[in-house]
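Quick notes on the structure that follows.
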Amino acid sequence: MAGSQPPVGVFALQGDVREHLAVLTALGADARPVRRPEELEQVAGLVIPGGESSVMDKLSRLFGLRDPLQQRIAAGMPVYGTCAGLIMLAERLQDGIAGQQTLGGLDIVARRNAFGTQSDSFETDLHIPALGDPPVHAVFIRAPVVEAVGDQVEVLARLEGGDIVAVEQGALLATAFHPEIAHEDRFHRRFLEHVAARA
């Protein structure tokens, strides 16, 4: 896959960057950390990892990445956000800290820390028809939840209680959980398919 496809990036100012780079590299992608606008220009798709969304917001502005990121997302760049990355991609945010902004792109309402604190983290298996069998082992760590979706958003996964935890809209993909921790690569494969389709 490397060489035949353009490079992809992982937002590397905060969060579990190494894990996503490892998954993408194992899939044959030319995966690079992205910290500055000039590095963003070199990639055809981006993963926004789990971490702390309010810190990601502040750092993206500090490093001059926020505006270029929004422009690339609006122009159709494929992006996959996990946990905090889902929050960053949401058009609307509940329970954000004062002044917190998102990048937008996904027509969803996201709620931060929907399941409580770090000690309330949990794991479960999700049947996700779009990915086929076997079920996805999903790891939730201070995870958000999707409270509402727009007409163009496809819901990929819900918890048993009905909470939406994975969505897709065009080339934008987001999960409230961490596939990269559970050695699950099908979401990353789907992201790379979006990149390849737009190459």
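Nothing fancy with the numbering, it's 1 onward along the sequence.
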Could you please spell out the steps behind the side-chain contact (heavy atoms from CB on, under 4.5 Å) verdict for Arg158 and Val165?
-> CA-CA 5 Å; Arg158 295 177 184 265; Val165 292; 5.7 Å; no
Non-hydrogen side-chain atoms of Arg142 and Glu52 separated by less than 4.5 Å | yes
Going by distance alone, is a donor N or O of one side chain under 3.5 Å from an acceptor N or O of the other, for Glu123 and His137?
-> yes
First locate atom CG of Leu65, then atom CD of Glu38, and finally report the distance between them rounded to the nearest 0.5 Å.
-> 8.5 Å
Minimum-distance pair of heavy atoms, taken over all atoms of Met77 and Gly45 | CG-CA, 3.8 Å
Salt-bridge present (Asp67, Arg61; N to O < 4.0 Å) = no
Is it true that Phe11 and Tyr80 have ring centroids separated by less than 6.0 Å?
-> no
Would you call Glu41-Arg36 a salt bridge at under 4.0 Å N-O?
-> no
Can you find a pair of side-chain heavy atoms, one from Leu24 and one from Val8, that are under 4.5 Å apart?
-> yes
CD1 on Ile164 to CG on Leu159, rounded to 0.5 Å = 10.5 Å
Between Glu168 and His194, is any side-chain donor less than 3.5 angstrom from a side-chain acceptor?
-> yes
Could you pull out the closest heavy-atom pair between Thr25 and Ala31, with the gap in Å?
-> OG1-CB, 4.1 Å
Would a 4.5 Å heavy-atom cut-off, applied to side chains only, mark Ile141 and Cys83 as touching?
-> no
With distance as the sole criterion, is a donor-acceptor pair present between the side chains of Thr102 and Glu91 under 3.5 Å?
-> no
Is there side-chain contact between Val139 and Glu184, with heavy atoms separated by less than 4.5 Å?
-> no
Which atoms form the tightest heavy-atom contact between Gly170 and Arg198, and what is the distance?
-> C-NH2, 4.4 Å
Determine, stepwise, if the pair Val149 / Val155 fulfils side-chain contact (heavy atoms from CB on, under 4.5 Å).
-> CA-CA 8 Å; Val149 299; Val155 175; 4.2 Å; yes
According to a 4.5 Å side-chain heavy-atom criterion applied to Ile, Leu, Val, Met, Phe, Trp and Tyr, with indirect links allowed, do Val146 and Leu126 form part of one hydrophobic cluster?
-> no
What do the steps show when you test Val109 against Leu93 for side-chain contact (heavy atoms from CB on, under 4.5 Å), and what is the final call?
-> CA-CA 6 Å; Val109 178; Leu93 175 62; over 6 Å; no
Is the shortest side-chain N to carboxylate O distance from Glu147 to Arg92 below 4.0 Å?
-> no
Side-chain contact, heavy-atom cut-off 4.5 Å: Asp107 with Gln152?
-> no
Residues Asp57 and Gln101: closest non-hydrogen pair is OD2-N, 3.0 Å
To the nearest 0.5 Å, tell me how far Ile97 CD1 sits from Ser54 OG.
-> 4.0 Å
In this structure, CD of Glu180 is separated from NE2 of His188 (nearest 0.5 Å) by 5.5 Å
NZ-CG distance between Lys58 and Leu13, expressed to the nearest 0.5 angstrom = 14.0 Å
Connected via hydrophobic side-chain network under 4.5 Å: Leu69 and Leu59 = yes
pair Val79-Val47: side-chain heavy atoms closer than 4.5 Å = no
Flag the pair Arg32 and Asp30 as a salt bridge only when some basic side-chain nitrogen lies within less than 4.0 angstrom of an acidic carboxylate oxygen.
-> yes
To the nearest 0.5 Å, tell me how far Ile48 CD1 sits from Ser60 OG.
-> 9.0 Å
Would you call the rings of Phe122 and Phe140 parallel, tilted or perpendicular, where under 30° means parallel and over 60° means perpendicular?
-> parallel
Say whether Val10 and Phe191 are linked into one hydrophobic cluster, either directly or through other cluster members, by side-chain heavy-atom distances under 4.5 angstrom.
-> yes
Among the clusters formed by ILVMFWY side chains lying less than 4.5 Å apart, do Leu192 and Leu40 turn up in the same one?
-> no
Where do Arg112 and Gln100 land on the side-chain contact (heavy atoms from CB on, under 4.5 Å) test, with the steps shown first?
-> CA-CA 11 Å; Arg112 291 171 77 239; Gln100 183 172 355; 3.6 Å; yes
Please report the closest heavy-atom contact between Leu86 and Ala110, naming both atoms and the distance.
-> CD2-CB, 3.8 Å
Indicate yes or no for a side-chain donor-acceptor contact from Asp16 to the backbone of Gly50 under 3.5 Å, with no hydrogens or angles considered.
-> yes
For the residue pair Leu21 and Pro33, what are the closest heavy atoms and their distance?
-> CD2-N, 4.0 Å
Can Val195 be reached from Ile73 by stepping across I, L, V, M, F, W or Y side chains whose heavy atoms are under 4.5 Å apart?
-> no
Side-chain heavy atoms of Ile87 within contact of Arg111, under 4.5 Å | no
